[in-house]
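Computed from heavy atoms alone, side chains included, the values below leave out hydrogens, waters and symmetry copies.
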Amino acid sequence: MAKQISDSKLGILGGGQLGRMLIQETINYNLTTLVLDPDSDAPCKHIANYFECGSITDYDTVYKFGKKADVITIEIEKVNIEALEQLEKEGKLVFPQSRVIRLIQDKGVQKQFFKENDIPTAPFQLANTKEDMLHSHIPFPYMLKQRRDGYDGKGVMRINSAADLDDAFESHCLIEEIVDFEKEIAVIVSRNSNGDVKTFPMVEMEFNAEANLVEFLISPSTYPDHIQERAETIAKNIAGALNVTGLLAVEMFITRDGDILVNELAPRPHNSGHQTIEGNYVSQFGQHLRSIFNLPLGDTRSISNAVMINLLGEKGHEGVATYQGMEKILGLDGVYVHLYGKKYTKPFRKMGHVTIVDQNREAAIEKANYIKETLKVIS
């Protein structure tokens, strides 16, 4: 018989804010949590049952850590895949599976997977040299993305002309046609080992152009039902084609012509699902646990309108973090603050998020704008 969730040891590779919020959910199930992270002051350090400071990309470190756990999961994709493959061979449960993480680690392989499985995505070309970038069949301007290790807006640049190639990445890259999009959206889909699948309602995202980070997220979307249903179907199709166990965040564009194109995937809880903690019957973190322990999936419906704001470190501030304006925003109804346990701030560092829930969508957006202007992370 499979081990009960409350008797299990869950190993988490990565000890950042996603791991922290996952642990907050595991406490409800009496789960024992083990965390590996290279930062000795990682956000998970003081709330995990066992914390180890070490590299999540080193084979031996990941392998030895994984041997201590019953189920292993990730909160970041940049992990040692070979160690996870060996642990799987020895009978350890790794979710998402190592083959899924390997595919998603490389944006070029990810895009080829979309093409092979008829998943709508922007035209692309792989580029290994500056020569490839100069003679691409995709005309200037285009987006250039590093195939590996890009995150939170890093590893992406716009190439307007051949002159920009002097500063282009010196690594294997992906060239992508620029999408004339109306809105960036996301759907989080969950799948357990039985093959049960559920999606969270589609959300709309607003970006901080300077940091290229999600600054503002609105749930649920007000797009017509047929567009939302199409986005959710695409997410389910991807989860099925990958045969993934766990959570999958599918980031997409709605073009001005009404098409939906997949941008990229994250095989874990994601920034576009933070509002589910207060805004939905089950949170993305609760759903991830249900998925990887092969439990019945929870009710993903929205309870209320929810707006989520990322708290980013202010420009010009680097040092011990202070949160200016906290008392003012806590005077508003339906406001939930989540700080990530990071002692030091720096420009655009993700320090926390705030979710605003309100039965009136416009009122939620109005409060969100006030909070954006009022709550500042400074040093």
Side-chain angles (χ1 to χ4, degrees), residues 12 14-27 35 37-48 51 53 75-76 151-154 203 205-219 269-280 283-285 304-358 362-379:
I12 305 170
Q17 61 264 20
L18 295 171
R20 181 183 173 95
M21 286 182 272
L22 184 60
I23 290 173
Q24 287 169 338
E25 186 69 35
T26 66
I27 291 167
V35 171
D37 193 274
D39 180 0
S40 59
D41 286 318
C44 285
K45 180 178 183 176
H46 298 295
I47 63 170
F51 178 82
C53 182
E75 65 120 49
I76 186 170
Y151 68 98
D152 281 355
K154 297 176 178 68
V203 300
M205 298 184 285
E206 303 286 343
F207 275 75
N208 177 313
E210 193 173 351
N212 197 21
L213 285 169
V214 175
E215 188 164 59
F216 207 74
L217 180 146
I218 306 173
S219 169
H270 189 257
N271 194 250
S272 62
H274 290 345
Q275 80 293 339
T276 60
I277 298 172
E278 288 87 19
N280 297 65
S283 76
Q284 66 165 339
F285 301 98
S304 171
N305 292 293
V307 180
M308 189 277 293
I309 304 168
N310 278 323
L311 294 181
L312 306 178
E314 288 292 307
K315 279 177 74 174
H317 289 267
E318 196 155 339
V320 177
T322 353
Y323 298 86
Q324 188 181 71
M326 185 70 80
E327 283 188 20
K328 288 181 182 176
I329 68 129
L330 289 176
L332 301 173
D333 291 336
V335 170
Y336 299 88
V337 175
H338 296 261
L339 301 183
Y340 296 157
K342 298 177 181 178
K343 187 176 180 182
Y344 299 100
T345 184
K346 58 184 178 183
F348 304 121
R349 188 182 191 197
K350 285 183 184 172
M351 301 298 290
H353 75 266
V354 180
T355 300
I356 303 98
V357 294
D358 200 299
E362 292 311 313
I365 293 170
E366 196 177 317
K367 286 179 199 173
N369 281 318
Y370 172 78
I371 291 167
K372 201 165 96 174
E373 297 307 313
T374 306
L375 182 57
K376 303 290 182 186
V377 188
I378 59 171
S379 58

Under 3.5 Å, side chain of [X] to main-chain N/O of [Y], donor-acceptor pair present?
X	Y	value
D37	D39	yes
Q284	T276	no
S283	I277	no
R20	I47	no
K350	Y340	no

Nearest 0.5 angstrom please: [X] [atom1] to [Y] [atom2], how far?
X	Y	atom1	atom2	value
L332	K367	CG	NZ	6.5 Å
L18	I23	CG	CD1	11.0 Å
M205	I218	CE	CD1	11.5 Å
F51	K45	CZ	NZ	6.5 Å
L375	E314	CG	CD	9.0 Å

Shortest non-hydrogen contact from [X] toward [Y]:
X	Y	answer
G16	C44	O-SG, 3.6 Å
V35	G15	CG1-CA, 3.6 Å
Y344	R349	O-NH1, 2.5 Å
S219	V203	CB-CG1, 3.5 Å
L217	S272	CD1-CA, 3.3 Å

Under the side chain to side chain contact (heavy atoms under 4.5 Å, CB included) test, residues paired with A321 that sit two or more places apart: Y323, T345, M351, V377

Side chain to side chain contact (heavy atoms under 4.5 Å, CB included) involving E278 - partner list, sequence neighbours excluded: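 Only Y336, H338, T355, V357 meet the side chain to side chain contact (heavy atoms under 4.5 Å, CB included) criterion with E278.
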
Is any side-chain heavy atom of [X] less than 4.5 Å from a side-chain heavy atom of [Y]?
X	Y	answer
L311	H353	no
M308	N271	yes
H317	K376	no
I378	T322	yes
I329	V337	yes
K343	D41	no
V307	I371	no
E362	I365	yes

Once salt bridge (charged side-chain N to carboxylate O under 4.0 Å, His left out) is applied, do any residues pair with [X], and if so which ones, sequence neighbours excluded?
X	result
K372	E215
K342	none
K328	none

Test side-chain hydrogen bond (donor to acceptor under 3.5 Å, both in side chains) applied to E75 - qualifying residues, sequence neighbours left out: none

